[in-house]
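Here's the structure, in structure tokens; my notes come after.
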Amino acid sequence: MALQIYNTLTRQKEEFVPLHEGFVGIYVCGPTVYDDAHIGHGKTYVNFDVIVRYLRYKGYRVRYVQNITDVGHLLDTGEDRILKGARRERVEPMELVETYTRRYFEDMDRLNVQRPNISPRASGHIPEQIELVKRLLEKGYAYEVNGNVYFEVSKWPEYGKLSGRKVEELKEGARVEVREEKRHPADFALWKRAEPEHIMRWPSPWGEGYPGWHVECSVMSTKYLGQPFDIHGGGVENKFPHHECEIAQSEAAYGVPFCRYWLHNGMLMIRGEEMHKSLGNMITLRQAFAQYDPLAIRFFILGGHYRSQLDFTDEAMQAADKGLQRILGTVRAVRERMRSAGSADEADEADAGVLTMLDGIRVRFEEAMDDDFNTAQAVAVLFDLGREVNTLLNSGQPLSGATLAAIDALYRRLGGDVLGIVPEQLPEEAGVGLTDELVRILIEMRAEARQKKDWATADAIRDRLAAIGIALEDGPEGTRWRLAR
RNA sequence: GGCGACGUAGCCAAGUGGCAAGGCAAGGGUCUGCAAAACCCUCAUUCGCCGGUUCGAAUCCGGCCGUCGCCUCCA
């Protein structure tokens, strides 16, 4: 079945057909690196991470570009976010940028978000941005006033096609303070003159200044992906004006479409409210990691559709944590059985019935993901797989190494490669070695106690291990241990 | 004020014309020395409310109520 994608530009699901067969170019608006990433960033980049992973699973070669904004993104006070952050921490602007860029990637790594192929920085693409502004001036779509260059929205009739807004309506009710020098309130800055105290500045044909925020995305997406390119992603809150401006600039400058499929993901809410500094409900990823397993946060995010809003609450997170443990519990059991089965089973064959079941799961999983990346549905399929596998594991019937390997491979493929929630190595597996050996000694001692029906000793061992986060589970094939959070 | 999204069980959340996925929680059972894990069963005659279209609607249309987002250079 073909992949269907909801295109915000056309407001409908469309079959995805890339520009060049076998290759997908995708650009996603990245963070402005002036502070730690919060769980809202987590949702956005996990959402797009899975989209990219699935495209790769489908066999496409994907080039994923995600910018790092390190200049030109202003606060409503007109202050540059980077400069403000640098002043706050008394460091050079680029020092601040470096710090938070690194921290951003560290946070994303913990969420198991694969890094983009290219993470271009706005400050590293100033000449290209000046080039675009020049071109817009030459073609008559922009005008310069006092060292500032603005895009003239009224010259571009298609302005508003993404967000469904009309330029005439923008005048009304807008809270934008209208700068006198603009010809129309909706005109937006392509280049800004640097005031004397503004230290991030570059020479340009219009004097010393810095680029407007929207320009970097137009420039860096097409520089690495061409124009037009396949997919542009970002949070809904950037649909207008950011994305609208990107389209206008790029299409006015080059006369060809900018991007073919627009994807917008829904925002993350905190107990029903938008996360906002002024509401004091901001949760950084680092804070969240202190309380929850990063993979559980990822799993929580995948429990909803990427286009929907998602409400972050303690209860919902706990449910997600439990749910993930359930899935990983099955994976752990399969891998343990593989290990204890040994590698000696040459000539063994996978059970045909099991293979058929696995194939059915794979098909249902793909159907869910093909339908506009329905991860919630895909996760449900994984739960169904878990029930089947657990039943198989408990049935007492012998399972060949090949059968177990096929099950494990499917988990790695769907749960690992695509959803990114099944690790290559579970924590217990990583800790094999000393921890495993120590725990096994205790398990043996406990087994002896149990044999003598010395329940007090047996339970004491179990309780004390539980107290340090190691859970013991007695089964027909002996006792297993796992890390319990 | 303008534009848009959503409202599904105690909670989270899929489903967009044919008798309501999945997870968490809860109750019962199997297994266990007791647990844990796992499995089985139960858990929305109903999808904010009121109308309409249809043989048939959670799904389409209209109205109302409620929540949220954008119009502020927040992912």
Side-chain angles (χ1 to χ4, degrees), chain A residues 11 28-32 37-45 47-48 69 72-78 80-81 160 163-166 168-170 172-177 186 188-189 212-214 233-242 245 264-269 272-277 282 299-300 303-305 307-313 315-327 329-330 332-333 364 368 371 374-384 386-387 389-391 393-395 450 453 455 458-459 462-463 466 471-476 479-480 482 484:
Chain A
R11 283 159 242 254
V28 174
C29 287
T32 301
H38 53 247
I39 51 180
H41 290 106
K43 176 177 187 312
T44 292
Y45 300 118
N47 284 152
F48 286 107
T69 297
H73 195 173
L74 308 188
L75 291 159
D76 45 16
T77 55
D80 188 297
R81 288 164 196 272
S163 55
R165 286 166 210 272
K166 304 263 182 295
E168 309 82 66
E169 289 166 358
L170 292 176
E172 320 294 344
R175 279 178 275 173
V176 205
E177 54 9 297
F188 57 91
W213 179 42
H214 314 307
V236 268
E237 78 283 355
N238 278 331
K239 197 152 122 188
F240 185 91
H242 187 52
C245 294
H264 288 98
N265 71 316
M267 301 190 74
L268 185 132
M269 317 290 287
E273 288 179 309
E274 181 187 357
M275 190 165 42
H276 207 282
K277 318 94 213 173
M282 196 71 120
F299 182 71
F300 166 69
H305 189 98
R307 281 193 279 122
S308 303
Q309 286 181 355
L310 186 62
D311 199 17
F312 188 91
T313 62
E315 309 79 73
M317 261 314 302
Q318 256 148 30
D321 192 79
K322 286 292 226 17
L324 178 62
Q325 288 316 314
R326 186 173 160 77
I327 289 174
T330 307
R332 183 184 304 115
R364 285 174 57 210
D371 183 12
N374 193 335
T375 54
Q377 191 80 258
V379 164
V381 174
L382 238 41
F383 276 113
D384 286 344
R387 201 173 326 101
V389 173
N390 284 326
T391 300
L393 252 24
N394 291 341
S395 67
R450 291 180 72 205
K453 299 205 190 295
W455 308 126
D459 291 349
R462 187 171 64 193
D463 291 346
L472 297 189
E473 291 169 5
D474 299 327
T479 300
R480 306 185 319 183
R482 67 184 171 89

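Computed from a predicted model, the values in this text were never measured in an experiment. Quick note on labels: first sequence line is chain A, next is B, and so on, each numbered from 1.
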field: With A:H264 via side chain to side chain contact (heavy atoms under 4.5 Å, CB included) - residues at least two apart
entry: A:T8, A:L162, A:V236, A:K239, A:H243, A:W262
message: Between B:U45 and B:A58, how far apart are the two C1' atoms, rounded to whole Å?
response: 14 Å
- request: Please measure how far the C1' atom in B:U42 lies from the corresponding atom in B:A57, and state the result in whole Å.
  value: 28 Å
- request: Whole angstrom is fine here: how far is it from CE in A:M267 over to P in B:G69?
  value: 8 Å
- prompt: In dot-bracket, 5' to 3', how would RNA chain B read with Watson-Crick or G-U wobble pairs under 3.5 Å, [ ] for crossing ones and | for pairs to another strand?
  reply: ((((((((.[[[..)..(...]]].(((((.......))))).....[[[[[..)....]]]]])))))))....
- request: Test for a donor-acceptor pair under 3.5 Å between the base of B:C6 and the side chain of A:R307, counting only N and O atoms.
  value: no
- line: Sorted by position of nearest nucleotide on RNA chain B, 5' first, the leading residue of A:C29 and A:R364 is A:R364
- prompt: Between A:R332 and A:Q325, is any pair of side-chain heavy atoms under 4.5 Å apart?
  reply: yes
- prompt: On a plain distance test, is the side chain of A:D384 in donor-acceptor contact with the base of B:G22 below 3.5 Å?
  reply: no
task: Scan A:L382 against the nucleic acid and name what it touches under 4.0 Å (heavy atoms): base, sugar-phosphate only, or nothing.
output: nothing
message: Roughly how many Å apart are B:G7 and B:C12, using the C1' atom of each and rounding to a whole number?
response: 14 Å
query: Taking the same atom, C1', in B:C11 and in B:C73, what whole-Å distance lies between them?
result: 37 Å
message: Please classify the nucleic acid contact of A:N47 as base, sugar-phosphate, or nothing, using heavy-atom distances under 4.0 Å.
response: nothing
task: For nucleotides B:C61 and B:A25, find the distance between their P atoms and express it as a whole number of Å.
output: 38 Å
query: Looking across every strand, which nucleic acid part, if any, lies under 4.0 Å from A:G40 by heavy atom: base, sugar-phosphate, or nothing?
result: base
task: Establish whether the base of B:A75 is bridged to the side chain of A:H38 by a donor-acceptor pair shorter than 3.5 Å.
output: yes
query: For A:M317, which contact category applies under a 4.0 Å heavy-atom criterion: base, sugar-phosphate, or nothing?
result: nothing
query: Are A:F240 and A:H242 side-chain neighbours, meaning at least one heavy-atom pair lies under 4.5 Å?
result: no
RNA chain B: 5'-proximal contact among A:Q309 and A:A316 (nearest heavy atom): A:A316
query: Where is the tightest heavy-atom contact between A:F299 and A:G323, given as atom of each residue plus distance?
result: CE2-C, 4.0 Å
Show each protein N/O and nucleotides 36-38 of chain B N/O combination with a separation under 3.5 Å, one pair to a line.
{"from": "B:A36", "atom 1": "N1", "to": "A:D474", "atom 2": "O", "distance (Å)": "3.1"}
{"from": "B:A37", "atom 1": "O4'", "to": "A:E473", "atom 2": "OE2", "distance (Å)": "3.4"}
{"from": "B:A38", "atom 1": "O3'", "to": "A:N390", "atom 2": "ND2", "distance (Å)": "3.0"}
{"from": "B:A38", "atom 1": "O2'", "to": "A:N394", "atom 2": "ND2", "distance (Å)": "2.3"}

- prompt: Considering only the P atoms, how many Å lie between B:C41 and B:U46, rounded to the nearest integer?
  reply: 24 Å
message: Between the base of B:G33 and the ring of A:W455 - centre-to-centre under 5.5 Å, planes within under 30° - is that a stack?
response: yes
- prompt: Where the side chain of A:F383 is concerned, which of B:G33, B:G22, B:A13 is the nearest nucleotide?
  reply: B:G22
query: When all nucleic acid strands are considered with a 4.0 Å heavy-atom cut-off, which category describes A:Y45: base, sugar-phosphate, or nothing?
result: sugar-phosphate
query: Between A:T375 (side chain) and A:G304 (backbone), is there a donor-acceptor pair under 3.5 Å?
result: yes
